[in-house]
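Start at 1 with the first residue, then count along the sequence.
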Amino acid sequence: ILSKELGYESKVEETKKRIEYLLSKPSHRIIVAEIDEQVIGFITFEKYELVYYKTGVNITGLVVKEDYRKKGVGKSLLACAEEYAKDNKL
């Protein structure tokens with residue numbers, strides 16, 4: 001589980017439940033980066049609304065497996081999240 005690379009210990013079943021819960025909420029999204037069917041990174045983000053400014057996106061998690069860092073994976077994940085936000089007028 002990549003969250004270990006962020007210092008968060010989590011069991012697989014607990015993580016699956018959290019992912020299912022977050023994906024059930026229309027305001028949350030998860031994008032993964034894969035190589036050869038192996039997840040090497042992910043970004044999680046959610047829509048938020050403010051009284052004093054327009055709707056935005058809050059990045060709640062971003063991690064790339066250590067072996068793939070400094071290779072543009074994180075930038076690609078951020079770009080995908082930004083594209084999603086633009087396409088959905090967030």
Side-chain angles (χ1 to χ4, degrees):
I1 298 178
L2 286 177
S3 56
K4 286 182 183 178
E5 297 206 24
L6 293 172
Y8 298 107
E9 291 295 323
S10 182
K11 295 180 181 173
V12 172
E13 286 304 313
E14 291 172 353
T15 301
K16 284 181 182 180
K17 286 179 184 176
R18 283 192 206 106
I19 290 170
E20 289 171 3
Y21 171 73
L22 289 175
L23 291 178
S24 74
K25 299 175 78 174
S27 61
H28 284 72
R29 293 289 177 260
I30 301 172
I31 298 173
V32 299
E34 295 179 306
I35 292 182
D36 297 327
E37 298 183 24
Q38 177 187 3
V39 175
I40 60 162
F42 68 82
I43 188 169
T44 59
F45 56 99
E46 64 181 336
K47 172 184 169 182
Y48 69 90
E49 298 182 39
L50 301 168
V51 171
Y52 54 86
Y53 199 68
K54 60 185 176 181
T55 301
V57 172
N58 185 30
I59 296 171
T60 56
L62 173 62
V63 65
V64 175
K65 196 171 186 176
E66 189 170 3
D67 294 346
Y68 296 93
R69 292 181 188 161
K70 307 271 187 203
K71 297 181 180 182
V73 176
K75 280 185 182 182
S76 293
L77 288 166
L78 284 166
C80 287
E82 183 176 14
E83 182 177 334
Y84 177 87
K86 285 179 183 177
D87 290 347
N88 290 279
K89 299 181 180 159
L90 302 180

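- Relative to the ring axis of Y68, K71 places its NZ or CZ within 45° and under 6.0 Å from the centre.
- Heavy-atom contacts from other residues, nucleotides or ligands closer than 6.0 Å to CD of E14 number more than 12.
- Heavy atoms only, all atoms of each residue included: V64 and G74 are closest at CG2-N, 3.7 Å.
- Using a 4.0 Å cut-off between charged side-chain N and carboxylate O, K16 and E20 make no salt bridge.
- Side-chain heavy atoms closer than 4.5 Å link hydrophobic residues (I, L, V, M, F, W, Y) into clusters, and following such links, even through other members, never connects L78 to Y48.
- Taking the side chain as every heavy atom from C-beta outward, I40 and D67 never approach each other to under 4.5 Å.
- From I43, atom CD1 reaches atom CD1 of I59 across 4.0 Å, with rounding to the nearest 0.5 Å.
- Note that the CZ atom of R18 and the CD atom of E13 stand 11.5 Å from one another [nearest 0.5 Å].
- Here the closest non-hydrogen pair linking I31 and A81 is CD1-N, 3.9 Å.
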Decide side chain to side chain contact (heavy atoms under 4.5 Å, CB included) for K25 and E46; before the verdict, give the C-alpha distance in whole Å, the side-chain angles of both, and the deciding distance to 0.1 Å. CA-CA 9 Å; K25 299 175 78 174; E46 64 181 336; 5.8 Å; no
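- Hydrophobic cluster membership is shared by V73 and Y84, with clusters built from Ile, Leu, Val, Met, Phe, Trp and Tyr side chains linked at under 4.5 angstrom.
- Residues L22 and V39 do not share a hydrophobic cluster, clusters being chains of Ile/Leu/Val/Met/Phe/Trp/Tyr side chains in contact below 4.5 Å.
- Annotation: the span from T55 atom OG1 to L50 atom CG amounts to 8.0 Å, rounded to 0.5 Å.
- E66 CD: 12 or fewer foreign heavy atoms inside a 6.0 Å radius.
- The structure places CD1 of I30 at 12.0 Å from CG of L77, a figure rounded to the nearest 0.5 Å.
- The line from OG of S24 to CD1 of I19 is 12.0 Å long, rounded to the nearest 0.5 Å.
- To the nearest 0.5 Å, atom NZ of residue K47 and atom CG of residue N88 are 9.0 Å apart.
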